[in-house]
Amino acid sequence: NQREDKLYHAYNLMSIDESGISVSYLDEMLEGQVAALSSGSLSPKQALEVLDSLRHSDLYRKDQNSYILYPNKQLPGFLEKNNIPESSVNRSNLLQKMLSNDDPQIIVKDVDGGFHFNGNFRNANNLKQALADLQTTEYSELAAAEEKLILEIFEEVFNHKAFTGRSGTFFGYEGLGSIYWHMVSKLYLAVYEICEQAYNEGADLSVREALANHFDEIARGIGLYKDPKLYGAFPTDPYSHTPWHRGAQQPGMTGQVKEDILVRFGELGVSIGDGRLKFDPFLLKRGEFLTDSQRFEYSSLNQELTEMSLPENSLGFTCCQVPVTYHLGSDSSLKVELKDGSTLDLIGNELDSASSTAVFHRTGKVKSITVTVPEEQLR
């Protein structure tokens, strides 16, 4: 399904006739690229080719520094629709006979000599019913013999098999020119996963850096990183979509939030392997660490608001409501403070199984975790 421009076809259209099965394609779609990137089938270098192509494709919307669902397009006007080529009309004895009889049940001829299907037909089933109604008329034999041909001409005119609903016909909602923020966040998560793959596999540094740049650009395109004038709403609020002609629309807890939370934990380097909690922030930026001391407020396991002090050159977050503090240093190490007042010092960035289980199960045994992060690891 890879295209010549390195993007991927999202959907294949299969058509069956006497000559066999043929395959055609819809326009490029953002979800197709997300599916390819998150499939696990691409190497980091191949994924980079997709992302480079995506950035220069018709899916990129420069004014919002983000990506639309499908390429924007100019819809045909009313007079450009439902026009049957004369060559197609000449293929059918039924259509020619009904035209000569000035019978509008299937086809009509306008004052300019153009041909059109009955305007009351909404789909092929309506046409089938109209052809069936001809079985008791003078057209019965022709209608039976040419039903398949007439339906083929109908599909050639309307191309219903490629109809994708509002996304290809509306301007609002997730329609033409619209950014669908949930899909952008799916892209964000997929690119994080590719960055993680490249890091774990020890991919070429230039590939890793290029992937990280795409990751950053996608982040900058999401509302949280924009000013209200550009976003068209409060940047910290999640929205469904941004149409071509206005700011963000439909506020609410959209699916976007889920992916963004997953990405943020990934950025912080939080992962789980073999039941053990690991802190390896390979995508984290040095600029995220505090430049002076601050108070950190979080909800404890007892559902109480709790405060702790974060010193300069640190940052804090919670994992299963256990506070985690990152400090800068030269080597990776962990310090686990337990409820009984004792501490556990570990070399490296991985928690032991018992402590990890206590965190996951929210037993309260682990009071806090302090992680020393090598400054040279940060971006």
Taking everything shown except H56 itself, do over 12 heavy atoms lie less than 6.0 Å from its NE2?
-> no
Show your reasoning for whether side chain to side chain donor-acceptor pair (under 3.5 Å) applies to D103 and Q105.
-> CA-CA 6 Å; D103 189 329; Q105 293 183 75; 3.0 Å; yes
Intermediate values then yes/no, side chain to side chain donor-acceptor pair (under 3.5 Å), Q64 and K226 | CA-CA 9 Å; Q64 288 287 336; K226 292 178 175 174; 2.5 Å; yes
Within the side chain of S355, is there an N or O that forms a donor-acceptor pair under 3.5 Å with the backbone of L351?
-> no
Heavy-atom donor-acceptor pair, T357 side chain to S353 backbone, under 3.5 Å = yes
Is a side-chain donor or acceptor of D52 paired with a backbone partner of E49 at a separation under 3.5 angstrom?
-> no
Output yes when a side-chain donor or acceptor of N126 lies under 3.5 Å from a complementary backbone atom of Q129, and no otherwise.
-> no
E288/R264 ion pair, N-O < 4.0 Å = yes
Test: D63 and R61 ion pair at under 4.0 Å | yes
So, Q33 side chain and M29 main chain: donor-acceptor pair closer than 3.5 Å or not?
-> yes
Charged N to carboxylate O under 4.0 angstrom, E375 versus R286?
-> yes
Run the salt-bridge test on D216 and R379 with the 4.0 Å N-O cut-off and return the result as yes or no.
-> yes
Does any donor atom in the side chain of Q46 or K6 lie under 3.5 Å from an acceptor atom in the other side chain?
-> no
Check against side chain to side chain donor-acceptor pair (under 3.5 Å), E312 and S293 | CA-CA 5 Å; E312 180 183 351; S293 62; over 6 Å; no
Verify salt bridge (Lys or Arg N to Asp or Glu O under 4.0 Å) between D340 and K365, making sure each step is shown before the conclusion.
-> CA-CA 8 Å; D340 62 10; K365 180 181 177 181; over 6 Å; no
Report yes or no: does D274 contribute a side-chain atom to a donor-acceptor pair with the main-chain N or O of R276 at less than 3.5 Å?
-> no
Flag side-chain contact, heavy atom, 4.5 Å: F117 against N82 = yes
Nearest 0.5 Å, what's the CD-OG distance between E146 and S92?
-> 4.0 Å
Please indicate whether E156 has more than 12 foreign heavy atoms, meaning atoms of other residues, nucleotides or ligands, lying under 6.0 Å from its CD.
-> yes
Are the side chain of E80 and the backbone of G77 linked by a donor-acceptor contact shorter than 3.5 Å?
-> yes
Can you tell me if CZ on F360 sees more than 12 non-hydrogen neighbours from other groups inside 6.0 Å?
-> yes
List the steps, then state whether side-chain contact (heavy atoms from CB on, under 4.5 Å) holds for E18 with K148.
-> CA-CA 12 Å; E18 293 86 352; K148 186 175 181 181; 2.5 Å; yes
Should the pair K97-E138 be classified as a salt bridge under the 4.0 Å nitrogen-to-oxygen rule?
-> yes
Given the side-chain rings of H160 and F154, with only the six-membered ring counted for Trp, is the space between their centroids under 6.0 Å?
-> yes
Taking the side chain from N313 and the backbone from F289, do they hold a donor-acceptor pair closer than 3.5 Å?
-> no
Locate the shortest heavy-atom distance separating D260 from S185; write the atom from each residue and the value.
-> OD1-OG, 2.8 Å
For this output row, return yes or no: ring centroids of F215 and Y188 closer than 6.0 angstrom.
-> yes
Less than 4.5 Å apart, any side-chain heavy atom of L13 and any of V23?
-> no
Salt-bridge present (R3, D5; N to O < 4.0 Å) | yes
Ring centres of H241 and Y180 under 6.0 Å apart?
-> no
Once you round to the nearest 0.5 Å, how far does CG of L310 lie from CZ of R295?
-> 8.5 Å
Less than 4.5 Å apart, any side-chain heavy atom of L378 and any of L328?
-> yes
Under 3.5 Å donor-acceptor, Q321 side chain and S300 backbone = yes
Taking side chain as C-beta onward, heavy atoms only, is L51 less than 4.5 Å from R55?
-> no
Would you say W181 and S66 make side-chain contact, with heavy atoms under 4.5 Å?
-> yes
Any chance you could lay out the side-chain contact (heavy atoms from CB on, under 4.5 Å) test for V89 and L99, step after step, and finish with the verdict?
-> CA-CA 10 Å; V89 175; L99 284 169; 3.7 Å; yes
Evaluate the side chain to side chain donor-acceptor pair (under 3.5 Å) criterion for residues Y199 and D280: first the C-alpha distance (whole Å), next the side-chain angles of each, then the deciding distance (0.1 Å), finally the verdict.
-> CA-CA 11 Å; Y199 174 73; D280 191 5; 3.0 Å; yes
Audit row: L334, L344, side-chain contact (heavy atoms from CB on, under 4.5 Å) steps and yes/no = CA-CA 8 Å; L334 295 170; L344 180 64; over 6 Å; no
May I ask you to test the P243-Q249 pair for a side-chain heavy-atom distance under 4.5 Å?
-> yes
Test item: side-chain donor near acceptor, Y11 and E31, under 3.5 Å | yes
CG/N118 to CD1/I107 distance, rounded to the nearest 0.5 angstrom?
-> 10.5 Å
Measure the spacing between CG of L131 and CG of L142 and express it to the nearest 0.5 Å.
-> 11.0 Å
Check for a donor-acceptor pair, side chain of Q96 on one end and backbone N or O of N90 on the other, with a separation under 3.5 Å.
-> yes
Any side-chain heavy-atom pair from T169 and T164 closer than 4.5 angstrom?
-> no
Take D227 and L230 through the side-chain contact (heavy atoms from CB on, under 4.5 Å) test and state the conclusion after the steps.
-> CA-CA 6 Å; D227 63 59; L230 178 58; 3.6 Å; yes
Between V108 and F115, is any pair of side-chain heavy atoms under 4.5 Å apart?
-> no
Do the ring centers of F317 and Y326 come within less than 6.0 Å of each other?
-> yes
Charged N to carboxylate O below 4.0 Å: is that the case for E350 and K278?
-> no
Starting at CD of Q303, measure out to OG of S299 and round the result to the nearest 0.5 Å.
-> 4.5 Å
